[in-house]
Amino acid sequence: MCASYERERLESRLADPVRGLQPVFRSFVRWARRPLQPGVRLWRRNLQLRVVAFTLLMSVGVVLLLGFVVIGQVKNGLLDAKEKAAENQATTGFSIAQQMAFKNDTDVPAANVPRNPEDSGAWLTRLVQYFSSGGNGVYWIATLSPGADDSRLEGAVNAHGPRSSGSLLPQASIPKSLSDSVETHTGALKQYTTVVTDDGKPPQPALAIGKRLTDINGKPYQLYYLFPFGQESKTLGLVKGTLATAGIFVVVLLGAIAWLVTRQVVTPVRMAAGIAERLAAGRLQERMQVSGEDDIARLGESFNKMAQNLQVKIQQLEDLSRMQRRFVSDVSHELRTPLTTVRMAADVIHDARTDFDPVTARSAELLQNQLDRFESLLSDLLEISRFDAGAAELAAEPIDLREVVRRVVDAAEPLAERKGSRVSIRGDAQPVIAEVDPRRVERVLRNLVVNAIEHGDGRDVVVRLATADGAVAVAVRDYGVGLKPGEATRVFNRFWRADPARARTTGGTGLGLSIAVEDARLHGGWLQAWGEPGGGSQFRMTLPRTAGDSLRGSPIPLEPDDSRRNRGLNSSGLPARPVAAAVPVPRSAGDAGRGHGGTSGPQIPPMPGAAPQPPSADPAALPGSGARVVGRTEGRGDTRLDGRGDMRVDGRVDGRVDPFRKDDI
């Protein structure tokens, strides 16, 4: 089934080319982002860099805005001045040209006799030469005669053709729209244009002003003044260059100022962060250097006062912790003596209960049971106190977890018989070797198996072992009341019970799972829970095979394969997570048919035609439900993490004296 499912997935990926290219695209994105990661990390961690960068960006924006405004104002001013000067110059020229035409008309003896067209053309040529002589380099002069009938008189083209000063090309430089407007209007008109010359120079912007006039023969012609913006362009370019230089200087200066200002603010903050890290490491005598009376100085003084008060409070807590440790040690020693005496007396009374009346005999039994419960509670309280104080030590040695599991199951058989349950072991065909503390692992498994029997409602309990990828795991599965949503995390809290009205037949103290999860953490492993209402629960303990190694996954999935969700996937045709077949193997011939090697409980048959494969670690089995990874614990004198994840150095917890030593308890 698994092979066919993988084949279907491969065929679907080949059929969908876009989906098949997604891994390649993600790989390319990761490859492209890799060179940017150092810069992104620096940007996130350096406050001074971000402040300077934002200051530079805002400065550039302000300078650009001011530059656009200033350049626009200068450009408008230059254009206005140019237009006024050009209009004055053109108006004067138009008046002079008209006066010259009228002056020549007075010399005509008969007004009805037309002049020679050559004389009119020569007059236009002299007119252009006359006006251009005074405006060389300042403006160009051009004449057009768009309204003349060139077919009537021979030589009309020569008489009324376009004329211009210098190398100006009048027909290419004067817009057609302007010449048409001048022809229909009597006044002067202006329009921006581009001057084109035949001397090889590039076109340049100019202002064209034209007016329709009459020549010496009374025929209309158009006179144009074209004023180039060369000088204004140079002036505007000079202004732009000046503004750009000043803007760059201002931006650099503002960046330097921002760097200096933020340095004065960030440096004390960095010092405070470094001192705070040293304070967190246990160096409580660290203080900030304070100079001045400004806000930073007040911050430093407040920080030093906080550190001083923190040191005093920690010292007080250390003294209180020392007193509590001594109190617990004294109480534990003092309680053992009267408890031993009471135990001896209770045993005598319990042995003689047959001679008592029924009420007294029942009282003797209750006294015996409650003394057992009191002794267990006292031991659990002392053990949990050792974890709280960071005094728990790990005595790891290579053992076969199968032997530990079998001892636990043997001890739980009487309780299982009373509850009507059978306990089966799976995955014990091969050795499961790991460097663990046998006493602590056995205590964890005993808690898990007893809880599974108590809450299994008479159904079978399955204990599964597996090892893979440097990890070993033991899972205890029951099919009882299960866990409600959210209880998988709360089940590890101290004195927490899913059903407060439910009686503990074995006299539990409510600290078993809390101690179990601390034992798992002490090994650097996980203890996790899964459950569903009415579908049972599964507790999984995952430990590294070698003490001190870190876990990357668990050989056993936290959610069992016979859960409702996985059964629903199977019924819908989708295979659940493939697992290796678990075939129980009896410990010996005499164990055949017993709970250890029997086939009671739900079995998971192997896939047809598939050979059993060793389970692989589940990469998705991350710590959760009370699981937390801690470092390797060595002997005293090493730096390690205790059961709470606190740093321990040379028998100390966060720089404090170890509250629980062997000679104290």
Side-chain angles (χ1 to χ4, degrees), residues 380 384 387 401 405 408 412 421 423 426-427 440-457 459-466 471-500 502 504 506 508-543 551 553-566 577 579 601-602 617-618 620-630 643 645:
D380 289 346
I384 212 72
F387 282 114
L401 292 182
V405 171
V408 170
S421 300
V423 183
R426 301 180 184 178
R440 297 184 183 277
V441 172
E442 184 174 351
R443 179 168 58 190
V444 173
L445 296 178
R446 183 169 59 250
N447 274 286
L448 299 182
V449 172
V450 170
N451 286 340
I453 295 174
E454 278 194 320
H455 299 85
D457 290 344
R459 297 182 177 89
D460 294 340
V461 175
V462 180
V463 181
R464 188 187 303 275
L465 296 91
V472 296
V474 181
V476 180
R477 174 78 161 103
D478 67 81
Y479 299 90
V481 295
L483 296 173
K484 298 178 182 178
E487 292 183 351
T489 303
R490 299 174 59 192
V491 72
F492 297 101
N493 295 342
R494 299 175 185 179
F495 302 106
W496 182 85
R497 298 171 65 183
D499 185 4
R502 187 181 180 90
R504 292 192 177 99
T506 57
T509 62
L511 296 174
L513 290 178
S514 300
I515 296 175
V517 74
E518 295 293 345
D519 283 331
R521 292 172 181 171
L522 191 62
H523 285 83
W526 310 334
L527 181 59
Q528 301 163 284
W530 169 90
E532 55 186 7
S537 60
Q538 176 166 290
F539 286 78
R540 181 187 66 182
M541 179 183 66
T542 308
L543 305 176
L551 295 176
S554 179
I556 301 176
L558 181 59
E559 182 177 354
D561 300 296
D562 55 357
S563 64
R564 293 195 187 101
R565 187 175 70 90
N566 287 334
R577 184 183 310 177
V579 296
D618 180 11
L622 300 177
S625 304
R628 180 159 54 95
V629 180
V630 298

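We count residues from 1, following the sequence as given.
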| Say you draw a straight line from CG of Leu551 to CH2 of Trp526; how long is it, rounded to the nearest 0.5 Å? | 5.0 Å
| Of all heavy-atom pairs between Ala471 and Gly553, which one has the smallest distance, and what is that distance? | CB-O, 3.8 Å
| said: According to side chain to side chain donor-acceptor pair (under 3.5 Å), who are the partners of Ser421, at least two apart in sequence or on a separate chain? | reply: none
| request: Can you measure from CD (Gln528) to CD1 (Ile556) and round to the nearest 0.5 angstrom? | output: 11.5 Å
| query | Charged N to carboxylate O under 4.0 angstrom, Arg490 versus Glu487? | reply | no
| message | Counting C-beta onward and ignoring hydrogens, is there a side-chain heavy-atom pair between Leu465 and Val405 closer than 4.5 Å? | response | yes
| message | Could you report the tightest heavy-atom contact between Leu527 and Ala520, atom names first, then the distance? | response | CB-CB, 3.9 Å
| query | Would a 4.5 Å heavy-atom cut-off, applied to side chains only, mark Phe539 and Leu513 as touching? | reply | yes
| So, for Leu483 and Ala488, which heavy atoms are closest and what is the spacing to 0.1 Å? | CD1-CA, 4.1 Å
| query | Closest heavy-atom contact between Gln538 and Pro560? | reply | OE1-CB, 3.6 Å
| query | Which pair of non-hydrogen atoms, one from Gly525 and one from Leu543, has the smallest distance, and what is that distance? | reply | CA-CD2, 4.1 Å
| request: Let me see the working for His455 and Ser537 under side chain to side chain contact (heavy atoms under 4.5 Å, CB included), right down to the final yes or no. | output: CA-CA 9 Å; His455 299 85; Ser537 60; over 6 Å; no
| remark: Residues at least two apart in sequence or cross-chain that pass side chain to side chain contact (heavy atoms under 4.5 Å, CB included) with Glu532, listed by chain then number, are Trp530, Ser563, Arg564
| task | Could you pull out all residues at least two apart from Asp519 that satisfy salt bridge (charged side-chain N to carboxylate O under 4.0 Å, His left out)? | result | Arg440, Arg443
| request: Give, for atom CZ of Arg426 and atom CZ of Arg464, the distance between the pair rounded to the nearest 0.5 Å. | output: 5.5 Å
| Side-chain contact, heavy-atom cut-off 4.5 Å: Val474 with Leu448? | no
| query | Quick one: does Val408's side chain get under 4.5 Å of Glu442's, heavy atoms only? | reply | yes
| field | Least distance between heavy atoms, Pro533 atom then Lys484 atom | value | CG-CA, 4.0 Å
| said: As a test of understanding, state which of Val461, Asp460, Val476 forms a side-chain contact (heavy atoms from CB on, under 4.5 Å) with Ile453. | reply: Val461
| message | Return the CD1 to CG distance between Ile515 and Leu522, rounded to the nearest 0.5 Å. | response | 12.5 Å
